[in-house]
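Notes follow once the structure below has been shown.
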Amino acid sequence: MPPFAARFRHLIRLHAKREEGSGTAMALILLVACLALAAFAIDLQRVNSLDIQLQNVADNAANAAILARSTQTEAQAKTAAVTIAQANLPVASTGNVIVANDVEFGQWNAVSRTFSPVAGSTDAVRVTLRRTAANGNPIRMFLLQVAGISQMSMTRRAVMVGYDPDCLREGFVAQGMVDIQSNNTFKAGFCIHSNSVVKVSSGNSFEAGVKVSMPDASLVQMPNSGFASSPGLQAALSSNRYDIRILSRIQTIINGLRAGSNNFVPKYITNKSVISVSDTWFKNNTPVAGRIYDVNCSGGGKNAITVSGTLQKVVILTNCTVTFGSGSQMINSVIATTSTEVKSITGASNVTLGNVDACAAEGGAQLLTLGGISFSSGLSVYGVQLLAAGDIGFSASGTGVQGVSLVSGGTISGTSGMTMTYCNGAGMEQNFRMSYARLVM
């Protein structure tokens, strides 16, 4: 072999045995692995953030839908949900994550934890948000594209249930003080709440199951005899605060009644066309059952209209103050006034609101005012809702109350010797509601 060839082969053998530079190859392999892991971690964190965002928006959209449904049509409530979702997830950046059909109203089964779509329902809503390939807006991957993963699909749902807090469904609720005077009996299930304080005089009796709440239950006002003079009160007390939303919606309800909205007009109204009349007409004529009347008072609404005899299956809207004559009755009817007088609705003795039916279905009555309500002695109440922006004061008969929802933006004051019976909503089916929302799934 020529000397040059032998020398060249010798150099090749020596070079093959050397280990310098092997670390560089390993470092390159590790670098690629680290970059892949970093890409996975970065995209995973991004996907996790988008997942949380999508779920939060679904929750908020469902909340908007169920709250809107208490005062609006199903279509309007769906629009409210879509608007909220698209405001938080703009179409320009995330594609169309929701359409109206992704908002479904129905019923929630708390036992099986299942949702069933039911057209026209106000009980529950399910909202579905999509970022999927089928929807044309999947989540694009950035660094993971080097691993062949270019996109990811994600669907999130929220189910929200509408409900009425116990006290707002049946009982006494006031923004200011609730003043319970002496020798009254409160039956199981009855509820008393103040966003200020509850004052209880001596001799009251609270059965097991009665609820008495205020922001700080330790501040309940009692006579010197304390709990001893009101058996059951101590067990009934709890600390709580309500957002009394329905008070800010009284005008909305009145507007809805005037517009003939299905969300507000009672089912016993057979003709939703509003009949406009004067206070003089109301004085000399009897409203026809099944109709809505708008009674206009001269003098800026300071004149009064008087209810005498029995008012049945009518809706009366007015700017007047309203007076119930002695012995008058109101069954399956609504009276709503925009009067802001301190005593915009008053009653003489022995007025009966609702049908005397011992908590039977239907037969109730609703009074709404932007002012206050005051009834003198002998008031009988059967399945009744009183909504007042101002104070509510009343003196009930010995039989007292059998199903009532009193909601006041001021104070509630009741006199002595009443029996407050809880009807579990019976006879109060036509009461106006402003739903509260609870996330269940």
Side-chain angles (χ1 to χ4, degrees), residues 163-174 177-194 198-214 217 220-223 225-240 242 331 350-367 373 375 377-387 392-408 411-431 433:
Y163 73 100
D164 293 329
D166 290 344
C167 283
L168 284 168
R169 186 172 60 251
E170 190 169 347
F172 299 163
V173 176
M177 176 185 286
V178 176
D179 185 359
I180 305 300
Q181 299 183 29
S182 60
N183 301 317
N184 299 297
T185 299
F186 296 90
K187 296 292 187 178
F190 202 85
C191 194
I192 301 167
H193 174 81
S194 168
V198 175
K199 180 181 179 181
V200 181
S201 298
S202 61
N204 290 291
S205 176
F206 300 83
E207 290 186 355
V210 173
K211 300 176 183 178
V212 179
S213 62
M214 65 202 80
V220 60
Q221 295 186 16
M222 297 180 292
S225 54
F227 291 117
S229 64
S230 292
L233 175 60
Q234 188 169 14
L237 280 173
S238 65
S239 297
N240 200 356
Y242 289 151
I331 303 172
N350 302 317
V351 173
T352 301
L353 300 178
N355 195 27
V356 186
D357 55 14
C359 297
E362 307 299 335
Q366 293 78 36
L367 297 178
I373 297 175
F375 281 95
S377 62
L379 176 67
S380 297
V381 176
Y382 301 90
V384 171
Q385 182 182 42
L386 272 61
L387 301 178
I392 298 177
F394 68 100
S395 175
S397 64
T399 56
V401 170
Q402 295 183 17
V404 70
S405 174
L406 267 60
V407 183
S408 167
T411 63
I412 293 177
S413 177
T415 55
S416 306
M418 299 179 289
T419 299
M420 306 294 182
T421 301
Y422 178 70
C423 287
N424 197 25
M428 306 170 69
E429 295 82 3
Q430 298 295 328
N431 281 4
R433 300 173 53 200

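What you see is a predicted model; the values in this text were computed from it and never measured. Just so you know, these numbers use all the heavy atoms, side chains as well, and skip hydrogens, waters and symmetry mates. Count residues from 1 along the sequence.
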[X] versus [Y], closest heavy-atom pair with distance:
| X | Y | value |
| --- | --- | --- |
| Ala217 | Ser239 | N-OG, 3.0 Å |
| Gly403 | Cys423 | N-SG, 3.5 Å |
| Ala188 | Glu207 | N-OE1, 3.0 Å |
| Asn240 | Ser213 | CB-CB, 4.0 Å |

Is there side-chain contact between [X] and [Y], with at least one heavy-atom pair below 4.5 Å?
| X | Y | result |
| --- | --- | --- |
| Met428 | Ser405 | yes |
| Phe394 | Leu386 | no |
| Leu233 | Met222 | yes |
| Leu367 | Val384 | no |
| Met214 | Leu237 | yes |
| Tyr382 | Thr352 | yes |
| Val381 | Phe375 | no |
| Asp164 | Asn431 | no |

I would like to know whether Phe186 and Val212 meet side-chain contact (heavy atoms from CB on, under 4.5 Å); could you show each step before the answer? CA-CA 10 Å; Phe186 296 90; Val212 179; over 6 Å; no

Would you find a donor on one side and an acceptor on the other, under 3.5 Å apart, between the side chain of [X] and the backbone of [Y]?
| X | Y | value |
| --- | --- | --- |
| Gln181 | Thr415 | no |
| Thr421 | Gln402 | no |
| Asn355 | Ile331 | no |
| Gln366 | Gln385 | no |
| Asn184 | Asn204 | no |
| Ser229 | Gly226 | yes |

Mind checking whether His193 and Tyr242 have parallel, tilted or perpendicular rings, split at 30° and 60°?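 Because their plane-to-plane angle lies in the 30° to 60° range, the rings of His193 and Tyr242 count as tilted.
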
Enter the distance from [X]:[atom1] to [Y]:[atom2] here, rounded to the nearest 0.5 Å.
| X | Y | atom1 | atom2 | value |
| --- | --- | --- | --- | --- |
| Asn424 | Asp166 | CG | CG | 9.5 Å |
| Ser230 | Asn183 | OG | CG | 9.5 Å |
| Leu406 | Ser413 | CG | OG | 11.0 Å |
| Met420 | Ile180 | CE | CD1 | 6.0 Å |
| Met177 | Ser408 | CE | OG | 12.5 Å |

Run the numbers on Phe172 and Val404 for side-chain contact (heavy atoms from CB on, under 4.5 Å), then give the verdict. CA-CA 8 Å; Phe172 299 163; Val404 70; 3.9 Å; yes

Give a yes-or-no answer on whether the side chains of Thr419 and Thr185 include a donor-acceptor pair shorter than 3.5 Å. no

Within the 6.0 Å centroid threshold, strictly below: Phe190 and Phe206: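 Ring-ring flag for Phe190/Phe206: false, centres at least 6.0 Å apart.
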
